[in-house]
Amino acid sequence: MFTAQSPADLPDIATMRSMSGLDFMFGILNGDISMPPIGQVMNYALAEVAPGKVVFRGAPGFTHCNPMGGVHGGWYGTLLDSCLGCAVMTTVPKGSSYTTLEYKVNLSRAIPVDTEILATAWIDHAGRSTGTAHGEIRGVADGKLYATGSTTCLIMKLPES
């Protein structure tokens with residue numbers, strides 16, 4: 001896998017239109033399509049793709065801390081927004097994409113800095129115009145639940161190139 005370093009590294013609209021959402025997600029996992037830069041900034045990456053399910057792996061670092069030294073809630077939210085949206089993307093038909101309409105995150109406990117986690121999301125509904133998913137963040141070593149979340153996404157046709 002490689003991470004986009006400039007807009008030129010991101011897939012163009014014709015490439016996106018030519019693939020189903022599941023094929024697009026496998027393209028990222030297999031390294032045929034660049035990972036978005038947000039993953040590098042937030043220190044997480046796509047680790048697994050299946051129809052209706054994705055897994056991200058990562059670890060918050062000191063750069064993701066709030067003024068009190070704890071992992072900022074925005075790290076949890078950004079990770080879950082990515083993971084939940086990608087689960088929806090696995091169900092999107094060829095020629096379409098998605099965008100987040102809303103998401104909700106519940107923090108269960110603080111993730112210690114540098115703790116490796118898995119974020120897993122599962123599709124709940126994949127319709128013609130909306131998709132919903134739920135997910136969780138768990139520690140790799142301890143299996144502890146650190147956060148849960150849910151999303152509603154808008155599914156939309158991509159414009160002609």
Name each donor-acceptor pair under 3.5 Å that joins a side chain in residues 103-114 to protein atoms two or more places apart or in another chain, with its distance.
{"from": "K104", "atom 1": "NZ", "to": "N106", "atom 2": "OD1", "distance (Å)": "2.8"}
{"from": "R109", "atom 1": "NH1", "to": "L145", "atom 2": "O", "distance (Å)": "2.9"}

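- In this structure, CH2 in W75 is found 7.5 Å from CE in M42, a value given to the nearest 0.5 Å.
- Donor-acceptor pairing under 3.5 Å is recorded for the side chains of T152 and E102.
- The line from SG of C86 to CZ of F24 is 8.5 Å long, rounded to the nearest 0.5 Å.
- Clustering of Ile, Leu, Val, Met, Phe, Trp and Tyr by side-chain heavy atoms under 4.5 Å joins V55 with L118, V140.
- Between the side chain of W122 and the backbone N or O of G135 there is no donor-acceptor pair closer than 3.5 Å.
- One N or O on the side chain of N30 and one on the backbone of F26 form a donor-acceptor pair closer than 3.5 Å.
- A search for side-chain contact (heavy atoms from CB on, under 4.5 Å) contacts involving D23 returns M19, S20, not counting sequence neighbours.
- When all heavy atoms of M35 and L46 are compared, the closest pair comes out as CE-N, 4.2 Å.
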Throw together a table of side-chain donor-acceptor distances under 3.5 angstrom for residues 90-97, partners on residues two or more places apart or in other chains.
{"from": "T90", "atom 1": "OG1", "to": "G52", "atom 2": "N", "distance (Å)": "2.8"}
{"from": "T90", "atom 1": "OG1", "to": "A87", "atom 2": "O", "distance (Å)": "2.6"}
{"from": "T91", "atom 1": "OG1", "to": "V88", "atom 2": "O", "distance (Å)": "2.7"}

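- Taking CD from E116 and CG from D142, the interatomic distance works out to 11.0 Å, rounded to the nearest 0.5 Å.
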Steps toward side-chain contact (heavy atoms from CB on, under 4.5 Å) verdict (I155, T130): CA-CA 5 Å; I155 298 170; T130 61; 5.8 Å; no

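- Across all non-hydrogen atoms, the minimal contact from T151 to C153 is OG1-SG, 3.7 Å.
- Counting Ile, Leu, Val, Met, Phe, Trp and Tyr side chains that sit under 4.5 Å apart, directly or through other members, M156 shares a hydrophobic cluster with L101, L154.
- For the atom pair NZ of K144 and CD1 of I117, the computed distance is 15.0 Å after rounding to the nearest 0.5 Å.
- With hydrogens and angles ignored, the 3.5 Å screen pairs a side-chain donor or acceptor of H64 with a backbone N or O of V41.
- Between E48 and R57 there is no salt bridge, since no side-chain N of the basic residue sits under 4.0 Å from a carboxylate O of the acidic one.
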Scan the side chains in residues 4-13 for donor-acceptor partners under 3.5 Å anywhere in the protein, sequence neighbours excluded, and list what turns up.
{"from": "Q5", "atom 1": "NE2", "to": "T3", "atom 2": "O", "distance (Å)": "3.1"}
{"from": "Q5", "atom 1": "NE2", "to": "Q40", "atom 2": "OE1", "distance (Å)": "3.3"}
{"from": "S6", "atom 1": "OG", "to": "A8", "atom 2": "N", "distance (Å)": "3.3"}
{"from": "D9", "atom 1": "OD2", "to": "Q5", "atom 2": "N", "distance (Å)": "2.8"}
{"from": "D9", "atom 1": "OD2", "to": "S6", "atom 2": "N", "distance (Å)": "3.3"}
{"from": "D12", "atom 1": "OD1", "to": "A14", "atom 2": "N", "distance (Å)": "3.3"}
{"from": "D12", "atom 1": "OD1", "to": "T15", "atom 2": "N", "distance (Å)": "2.7"}
{"from": "D12", "atom 1": "OD1", "to": "T15", "atom 2": "OG1", "distance (Å)": "2.7"}

